[in-house]
Amino acid sequence: MRFRFTARQHLRRAREFEAVRKFGRAFQSAPFVFTLHIPELVDGAIPVRRFGVIASRRVGNAVVRNLCKRRARELFRNHQHLLPEHCDCVLLVRRRFPELTFTELEKRFVQAYEYVTRAK
């Protein structure tokens with residue numbers, strides 16, 4: 001099956017990121033912090049999984065940060081079907097993120113979404 005990461009799925013505004021980080025459930029690991037929030041669905045709205053990446057200068061120079069963001073978006077794109085139908089996700093990249101292989105990042109990402117989607 002082929003999955004896409006469309007423009008509708010991008011978290012863009014600072015207040016959207018803040019809401020996810022404030023009200024969401026987080027999973028912390030060495031390479032990243034994954035936070036998931038399930039907002040209220042407005043009547044008539046189409047459910048959509050949205051995703052945003054935060055990579056500060058501590059991670060590395062612009063080339064490294066952009067590589068990390070591309071990898072993070074690819075992780076979400078490949079595994080979005082496992083997340084709830086309507087949710088907002090934020091992945092905060094840490095310094096160890098660029099050191100790990102994509103396969104290792106994938107394992108940690110799967111572990112993260114399984115944790116945050118588990119019942120409280």
Side-chain angles (χ1 to χ4, degrees):
M1 185 182 270
R2 186 165 178 238
F3 298 105
R4 299 188 67 205
F5 186 54
T6 62
R8 285 186 59 222
Q9 292 179 292
H10 287 259
L11 284 177
R12 296 193 190 277
R13 292 179 168 46
R15 68 174 178 258
E16 295 171 341
F17 279 89
E18 288 172 18
V20 173
R21 294 185 72 198
K22 184 176 180 181
F23 301 113
R25 188 163 183 211
F27 175 85
Q28 296 188 19
S29 66
F32 59 81
V33 177
F34 180 76
T35 310
L36 178 105
H37 173 60
I38 302 173
E40 293 292 323
L41 189 60
V42 181
D43 291 336
I46 299 170
V48 63
R49 297 174 186 103
R50 299 188 314 161
F51 184 72
V53 183
I54 300 171
S56 72
R57 284 194 213 150
R58 292 181 197 162
V59 175
N61 63 18
V63 174
V64 174
R65 289 194 310 270
N66 286 327
L67 174 68
C68 292
K69 289 188 226 177
R70 283 195 306 270
R71 283 183 173 178
R73 285 190 295 266
E74 186 67 9
L75 288 170
F76 175 77
R77 187 185 70 80
N78 288 336
H79 298 286
Q80 65 184 330
H81 63 284
L82 301 170
L83 294 168
E85 186 70 25
H86 181 68
C87 65
D88 291 345
C89 310
V90 171
L91 192 128
L92 173 70
V93 175
R94 290 184 169 171
R95 285 187 184 147
R96 293 230 16 239
F97 194 91
E99 298 169 9
L100 299 175
T101 64
F102 188 76
T103 307
E104 181 62 31
L105 289 171
E106 236 175 349
K107 280 193 260 182
R108 303 244 181 145
F109 187 80
V110 168
Q111 185 182 31
Y113 77 70
E114 285 175 348
Y115 174 81
V116 296
T117 56
R118 192 177 331 136
K120 293 181 181 179

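The first residue of the sequence shown is numbered 1, and numbering continues consecutively from there. No hydrogens, no waters, no symmetry mates; every other heavy atom, side chains included, goes into these values.
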N/O donor-acceptor pair under 3.5 Å between [X] side chain and [Y] backbone:
X: R25; Y: R118; result: yes
X: R77; Y: F3; result: yes
X: R94; Y: S29; result: yes
X: R49; Y: L83; result: yes

Testing the basics here: between [X] and [Y], what is the closest heavy-atom pair and its distance to 0.1 Å?
X: A112; Y: F32; result: CB-CE1, 3.9 Å
X: L11; Y: G52; result: CD1-N, 3.9 Å
X: V20; Y: H37; result: CA-CB, 3.9 Å
X: I38; Y: C87; result: CG1-CB, 4.2 Å
X: P47; Y: E85; result: CB-CG, 3.7 Å

(Q) Are V33 and L75 connected into the same hydrophobic cluster when the rule is that any two of I, L, V, M, F, W, Y join if their side-chain heavy atoms are below 4.5 Å apart? (A)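 Not linked; separate clusters.
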**Q.** Linked, directly or transitively: L105 and V110 (ILVMFWY side chains, under 4.5 Å)
**A.**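 Result: yes, single cluster for both.
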(Q) Could you go through F27 and E114, starting from their C-alpha distance and side-chain angles, then the distance that decides it, and tell me whether this counts as side chain to side chain contact (heavy atoms under 4.5 Å, CB included)? (A) CA-CA 10 Å; F27 175 85; E114 285 175 348; over 6 Å; no
Q: On the 0 to 90° scale, with breaks at 30° and 60°, tag the F51-F5 ring pair as parallel, tilted or perpendicular.
A: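 The arrangement is perpendicular - the two ring planes meet at more than 60°.
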Heavy-atom side-chain contact between [X] and [Y] under 4.5 Å:
X: P39; Y: D88; answer: yes
X: L91; Y: F76; answer: no
X: V116; Y: T35; answer: no

(Q) For R15, is there an ion pair with E18 - N to carboxylate O distance below 4.0 angstrom? (A)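 The answer is no: the pair does not qualify as a salt bridge.
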Q.
Walk me through whether V48 and Q9 qualify under side chain to side chain contact (heavy atoms under 4.5 Å, CB included).
A. CA-CA 7 Å; V48 63; Q9 292 179 292; 3.9 Å; yes
(Q) Given F34, which partner from the list Y113, Y115, F109 fulfils the ring pair (Phe, Tyr, Trp, His ring centres under 6.0 Å) test? (A)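 Among Y113, Y115, F109, the one that satisfies the ring pair (Phe, Tyr, Trp, His ring centres under 6.0 Å) with F34 is F109.
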**Q.** Contacts of R57 that satisfy side-chain contact (heavy atoms from CB on, under 4.5 Å) - sequence neighbours left out
**A.**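 Once residues adjacent in sequence are excluded, the partners of R57 under the side-chain contact (heavy atoms from CB on, under 4.5 Å) criterion are R65.
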**Q.** Stepwise side chain to side chain contact (heavy atoms under 4.5 Å, CB included) test for N61 and V64
**A.** CA-CA 5 Å; N61 63 18; V64 174; 3.3 Å; yes
Q.
To the closest 0.5 Å, what do you measure between CD1 (I46) and NE2 (H86)?
A.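 If we round to the nearest 0.5 Å, I46:CD1 and H86:NE2 are 11.5 Å apart.
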Q. Could you state the interatomic distance from NE2 (H81) to NE2 (H79), rounded to the nearest 0.5 Å?
A.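 H81 atom NE2 to H79 atom NE2 measures 7.5 Å (nearest 0.5 Å).
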Q | Identified side-chain contact (heavy atoms from CB on, under 4.5 Å) partner of R50 from the options R12, H10, E16, Q80 | A |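 Output: one option passes, namely E16.
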Q) Does the side chain to side chain contact (heavy atoms under 4.5 Å, CB included) test come out yes or no for R108 and E104, once each step is laid out? A) CA-CA 6 Å; R108 303 244 181 145; E104 181 62 31; 3.1 Å; yes
